[in-house]
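Report on the structure given below.
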Amino acid sequence: MELRHLRYFTTVAAEGSFSRASEKLNIAQPPLSRQIQQLEEELGVRLLDRGRPITLTEPGRYLFEQARQILQRVEDTKAMTRRIAKGMVLQFNIGFVASTLYDALPELIRRFRIAVPGVEVQLLEMTTMEQVAALKDGRIDVGLGRLRFEDESLVRKVVREERLWLAVPVDHPLARTVEKLRLRDTAGEPLIIYPKSPRPSYADQVLDFYREAGVQPQIGMEARELQTALGLVASGGGICVVPASVRRLGRDDVRFIELDEPQMTTPIIMSYRRADTSRLLAQLIALVREFDHWSGKAESGGPSA
């Protein structure tokens, strides 16, 4: 599938006619029809009902909406690339794991945007390991993740250690407790972990804590991301160990219980290229240093920035 296939398909769908679409695309009708047929053959589905006017099948409607978004994103990317090349705008890309959004990240980014007016600040959700690849490829400038590891090409700083809490269904027996829980109190309960891939990940941190506590976890389900995991908890599928800041979601179908396990913390780690000396990166690092909400500061890999 190439972008031209999507352009041809969306134009035919929007016009409801091969003849009008061929005029708009400046392409003869027979080759246009063949391109759409090739797309259908590749996908193994029929996208168009070829009546008068042409209408979309159910798979066609889905592809039409997705293709329009893809093509718009391509145009936006081209326009931004040209603006950057002309020096009209600076861009700073930040990769983050979803759970950091419930901590101080939104306020940090708000302050950063105020400090660097005119800079296009892009937030890209990705796992810690995806951030590493994106940093090395130059696709992001900073990553905010939770996984500890060493890499000579990156500076990695723990900017906060966050306590872990337990998420349980509101009607679960554990939800009636008025005291903190120990991890051993959850023995035998189905455990929902996230993300299920790629690994290693935050899920492995949680499983390591279970092993260190001498508790054999009973894996119930593995979810792709945090919101899905909490939905599974609410439906009675099991319990889940989450960062304390997740409580800010304010879900009324899940009870959050503090764990009496002082050693159970998950870090928020800022990563950036060791050789990066950009002004924007220096400003973000300075903001992290002075930001009141960050606490428990420690260093992981590399000298002080």
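What you are looking at is a predicted structure, and each value in this text was computed from that prediction instead of being measured. Side chains included, hydrogens not; waters and symmetry mates left out as well; all remaining heavy atoms used.
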Any chance you could measure Ile193, atom CD1, to Asp204, atom CG, to the nearest 0.5 Å? 7.5 Å
Modelled atom types, side-chain donor and acceptor of Arg146 and Ser99, under 3.5 Å: yes
Salt bridge between Lys196 and Glu222, side-chain N to carboxylate O under 4.0 Å? no
Measuring from Ile27:CD1 to Arg7:CZ, what's the distance to the nearest 0.5 Å? 12.5 Å
ILVMFWY cluster, Leu147 and Tyr202 together (side-chain gap under 4.5 Å): no
So, taking the atom named CG in Leu144 and the one named CG in Leu108, what distance separates them when rounded to the nearest 0.5 Å? 7.5 Å
Hey, does the side chain of Arg163 reach the backbone of Ala244 with a donor-acceptor pair shorter than 3.5 angstrom? no
Do Leu249 and Gln227 touch side chain to side chain, with heavy atoms closer than 4.5 Å? yes
Answer yes or no: is there a donor N or O on one side and an acceptor on the other, between the side chain of Glu2 and the main chain of His5, under 3.5 Å? no
Let me check something: do Ile268 and Phe112 share a hydrophobic cluster, defined by ILVMFWY side-chain heavy atoms less than 4.5 Å apart, either directly or through other members? yes
Ion pair present between Arg273 and Glu152, side-chain N to carboxylate O less than 4.0 angstrom? no
Does CD in Glu179 sit with more than 12 non-hydrogen atoms of other residues, nucleotides or ligands closer than 6.0 Å? no
Would you say the side-chain atoms of Asn93 pair up with the backbone N or O of Arg139, donor to acceptor, closer than 3.5 Å? yes
Cut-off 3.5 Å, side chains only: do Thr228 and Glu225 have a donor facing an acceptor? yes
Taking atom CG of Leu226 and atom OH of Tyr194, what is their separation to the nearest 0.5 Å? 4.5 Å
Backbone N/O of Glu189 and side chain of Thr186: donor-acceptor pair under 3.5 Å: no
Would you kindly say whether Arg279 and Gln283 are connected by a side-chain donor-acceptor distance under 3.5 Å? yes
What's the spacing between Ile94 CD1 and Ile140 CD1 if we round to 0.5 Å? 9.0 Å
Same cluster or not: are Met270 and Val119 linked, directly or through other Ile, Leu, Val, Met, Phe, Trp or Tyr residues, by side-chain heavy atoms under 4.5 angstrom apart? yes
Does the side-chain hydrogen bond (donor to acceptor under 3.5 Å, both in side chains) test come out yes or no for Gln35 and Gln37, once each step is laid out? CA-CA 5 Å; Gln35 294 288 332; Gln37 288 174 352; over 6 Å; no
Can you check salt bridge (charged side-chain N to carboxylate O under 4.0 Å, His left out) on Glu75 and Lys78, steps first, answer last? CA-CA 5 Å; Glu75 292 304 313; Lys78 288 163 60 177; 3.4 Å; yes
If hydrophobic clusters are built by linking Ile, Leu, Val, Met, Phe, Trp and Tyr wherever their side-chain heavy atoms come under 4.5 Å apart, do Met264 and Leu191 end up in the same one? yes
Let's go through Val242 and Phe256 carefully: what are the C-alpha distance in whole Å and the side-chain angles of both, what is the deciding distance for side-chain contact (heavy atoms from CB on, under 4.5 Å) to 0.1 Å, and is it a yes or a no? CA-CA 9 Å; Val242 299; Phe256 296 100; 4.0 Å; yes
Measure the shortest side-chain to side-chain distance between Arg148 and Ile269 over non-hydrogen atoms and say whether it is less than 4.5 angstrom. yes
Check whether Gln91 reaches the backbone of Gln122 with its side chain - one donor and one acceptor, N or O, closer than 3.5 Å. no
Taking Pro169's backbone N and O only, do any of them form a donor-acceptor pair with Arg255's side chain (distance below 3.5 Å, no angle check)? no
Same cluster or not: Leu63 versus Phe18, using hydrophobic residues (I, L, V, M, F, W, Y) connected whenever any side-chain heavy atoms lie under 4.5 Å apart? yes
When you check the gap from the basic side-chain N to the acidic O, do Glu58 and Arg61 get nearer than 4.0 Å? yes
Could you verify whether a donor N or O on one side chain and an acceptor N or O on the other, from Ser22 and Gln29, lie under 3.5 Å apart? no
Only counting residues at least two apart or in another chain, list the ones meeting ring-ring contact (aromatic ring centres under 6.0 Å, His included) with Tyr8. none
Within the side chain of Glu42, is there an N or O that forms a donor-acceptor pair under 3.5 Å with the backbone of Met1? yes
Test side chain to side chain contact (heavy atoms under 4.5 Å, CB included) applied to Leu47 and Tyr62, Phe9, Phe64, the passing residue: Phe9
Are the charged groups of Asp185 and Arg182 less than 4.0 angstrom apart, N to O? no
Determine whether the side chains of Glu162 and Thr266 contain a donor N or O and an acceptor N or O closer than 3.5 Å. no
Quick test of your reading of the model: are Asp151 and Arg274 salt-bridged, counting only N-O distances below 4.0 Å? no
Pairwise distance CG(Leu232) to CE(Met221) - rounded to 0.5 angstrom: 4.5 Å
So for atom CZ, which belongs to Arg73, do other residues, nucleotides or ligands contribute more than 12 heavy atoms lying within a distance under 6.0 Å? no
